[in-house]
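Heavy-atom basis, side chains included; hydrogens, waters and symmetry copies ignored.
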Amino acid sequence: MTSSLLRAVRPRRAASRPAARAARMVLYGAAGLLWLSLSGMTIGSSAAVALPRTDPVAVAAAPRQDETSAVSLALPLVVAVAASLVAMYGYIRRLRRSKTRTTPGGSRTSPSPAPFDDLDERSRDLLVRADDWVRTSREELPFAEARFGTAAVEPFAQALRAAEAELAVAFRMRRRHDQGVPEDPEARRQALAGVIGRCEEAGRLLDMAADGFDELRDLEGDVREALEAAEARFRELTGRARTAEATLAGLARRYAPSATEHVTGYAEQAKDRLMFATTRLNRAHQEADRGKGGQAAGHLRAAEGAVAQATVFLDGVERLAAELDEAAAMVPAALSGAEAERAGAAERLTDVPAGEAQARILHADTVLASVRQETTSGRPYDPLDVLRRIVEATAPLATGRTGVLSAAALLTARSATAAAADFVTTHRGAVGASARILLAEAERLLATRSPADVPHADALAREARDQAEQDVRAHGNPYAEADTRAPGAAGAALGGILLLDSSPTATPPSFGGPRTRNRLTIPLD
């Protein structure tokens, strides 16, 4: 309390010091004028004053008459000067106050804060941009690591991790803001400003590392070795694209359509990215042969982005196949675990109102009976969806998920979160802030591995995927014209591999932040 009182008093003391100093100056000035006037009267007299020894009374009377005359002349002058100084000091204070006050009428006002809606929109826009900076940098880093090794790229990996950390905090702050935390209007403004600052810091960290990253890769100096590495990955993916089609066909025979709907079309989209990569790799060779290192580097970077996203599509198909097989094997054990939770539910729900407890048990019985019938009918079903239903139905009956039910919840949450992340990555040219905020929160909760958080992460991830798909549908295909100039360019623009405008050129984003990511430009033909 004492320190807070001191802090409260200090500004007032500090504010009073100029006034005190000015008052002292006025008093000192008046005294000085009085002294100079009296001294001047005495020193300026041309006649010496005689001091008779025999009449002390007469001696004292004569100078007192002169002093009274001098003082009577000097005092009006001193008073006038002092009054002028005081008036001048008051005028200066009033003038300074009028210039610095924030009420209407002052000649200068303090900058008004930005409107709340502007802060809100800017924070959402920067979240999308910063997420793109991080995803693009994350895509390019493995190409450098494949050539130069882990140790060589570690400084840039550290910069990327630091940027990811800043972005994660920004997403968390925005998520809390969307949930109404904090409630105070000024605190909410500060929260949005914090989101903006974190995004800008993420971009700054990547910008600082971009020059060194370019020096390491040296694409404009000699692009041929990097071309060979990209082409090797391209050839590998071409074979995997054919395998993915066969994998999807097999999944369609074994499982319900809902089990694979999130990866429907992934094999075709992978082929589209690879077709675009073929064109860019060929152009990179041509420009390198002509000695145009900058153009060659731009085409190579576009090809690398397409190769990276084709990898995401194909990895998604293969990962889903493994998840479905794992889920199918887990269903019988999950059913047994759910039945065990159901058996002891009545004893555990004694602190819950009887009607509510009965409703929970009845709901679990209905869901479990439906699952048993579905899994024993001999018809294809969606094992991930079955596990999710078992976990959700059993959750209100248990004090905490353990064993197989905990594993089932973790499997479904991981699957949903990875699927949402894949979609955002490969469609980031159209996905807005809402889906990214939800996805970031799902990833954060999943990382905790808390039994209470995992199901929530699952729900948020599925919501993020639905929102992202809505964004893509609303976005449509504004780049259809680009495909007439460069096959696969529309898909590359949708994936954020190319930034298109009305000119005949395009920008393949690179490792870096807002200042450096657009440093390459290629002709779109």
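Within the 4.5 Å cutoff, the side chain of Ile522 has no heavy atoms near those of the Arg283 side chain.
Minimum interatomic distance between Gly432 and Asp471 (heavy atoms only, all atoms of both residues): N-OD2, 2.9 Å. Leu237 and Ala310 make their closest contact through CD1-CB, 4.1 Å (heavy atoms, listed as atom of the first residue, atom of the second, distance). Scanning both residues, Gly298 and Pro508, for their nearest heavy atoms gives O-CG, 3.4 Å. The shortest non-hydrogen separation linking Arg462 to Ala416 is CG-CB, 3.9 Å. The two residues Leu227 and Ala284 come nearest to each other via the heavy atoms CD2-CB, 3.6 Å. Listed here is the closest heavy atom pair of Val195 and Ala170: CG2-O, 3.7 Å.
A donor atom on one side chain and an acceptor atom on the other are found under 3.5 Å apart for Asp453 and Thr448. Counting only N and O atoms by type, the side chains of Arg233 and Thr311 include a donor and acceptor under 3.5 Å apart. Donor-acceptor pairing under 3.5 Å is lacking for the side chains of Arg517 and Ser510. Counted by atom type alone, Gln269 and Thr426 present zero donor-acceptor pairs between their side chains at under 3.5 Å. Side chain to side chain, Gln467 and Ser434 fail the donor-acceptor criterion of an N or O pair below 3.5 Å.
Under a cut-off of 6.0 angstrom, the local environment of CD in Gln286 is crowded, with over 12 non-hydrogen atoms contributed by other residues, nucleotides or ligands. Counting non-hydrogen atoms of neighbouring residues, nucleotides and ligands closer than 6.0 angstrom, the CD atom of Glu183 reaches no more than 12 such neighbours. Around atom CE of Met208, no more than 12 heavy atoms belonging to other residues, nucleotides or ligands sit under 6.0 Å away. In the displayed structure, Arg449 atom CZ is contacted under 6.0 Å by at most 12 heavy atoms of other residues, nucleotides or ligands. Counting heavy atoms of neighbouring residues, nucleotides and ligands inside a 6.0 Å radius, atom CZ of Arg175 exceeds 12 of them.
Using a cutoff of 4.0 Å between basic side-chain nitrogens and carboxylate oxygens, Asp458 and Arg414 are not scored as salt-bridged. Look at Arg388 and Asp382 and you find no salt bridge, because none of the NZ, NE, NH1 or NH2 atoms lies under 4.0 Å from a carboxylate O. In this structure, Arg290 pairs ionically with Glu287, as a charged nitrogen and a carboxylate oxygen lie closer than 4.0 Å. Electrostatic pairing of Asp184 and Arg188 does not count as a salt bridge here, judged by no charged N lying under 4.0 Å from a carboxylate O. Residues Arg519 and Asp214 are paired through a salt bridge, judged by an N-O separation under 4.0 Å between the basic side chain and the carboxylate. With respect to the salt-bridge test (charged N to carboxylate O, under 4.0 angstrom), the residues Glu200 and Arg122 qualify. A salt bridge is absent between Glu201 and Arg198; no separation between the charged side-chain nitrogens and carboxylate oxygens falls under 4.0 Å.
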### Task
Run the numbers on Arg428 and Glu139 for salt bridge (Lys or Arg N to Asp or Glu O under 4.0 Å), then give the verdict.
CA-CA 13 Å; Arg428 61 177 177 262; Glu139 283 179 353; 3.1 Å; yes

### Evaluation steps, salt bridge (Lys or Arg N to Asp or Glu O under 4.0 Å), between Asp385 and Arg389
CA-CA 6 Å; Asp385 180 64; Arg389 286 154 56 196; 3.3 Å; yes

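Aromatic ring pairs are classed by plane angle as parallel below 30°, tilted from 30° to 60° and perpendicular above 60°; the pair Phe511 and Phe213 is parallel. Ring geometry for His177 versus Phe116: interplanar angle under 30°, hence parallel rather than tilted (30 to 60°).
Among pairs with a residue in residues 297-312, those fulfilling salt bridge (charged side-chain N to carboxylate O under 4.0 Å, His left out) read Glu140-Arg301, Arg217-Glu304, Arg301-Glu304, at least two apart in sequence or across chains. Listed by first then second residue, pairs satisfying ring-ring contact (aromatic ring centres under 6.0 Å, His included) with a partner in residues 413-434 read Phe423-His427, not counting sequence neighbours.
Contacts of Ser137 classified as side-chain hydrogen bond (donor to acceptor under 3.5 Å, both in side chains), with partners at least two apart in sequence or in another chain: none.
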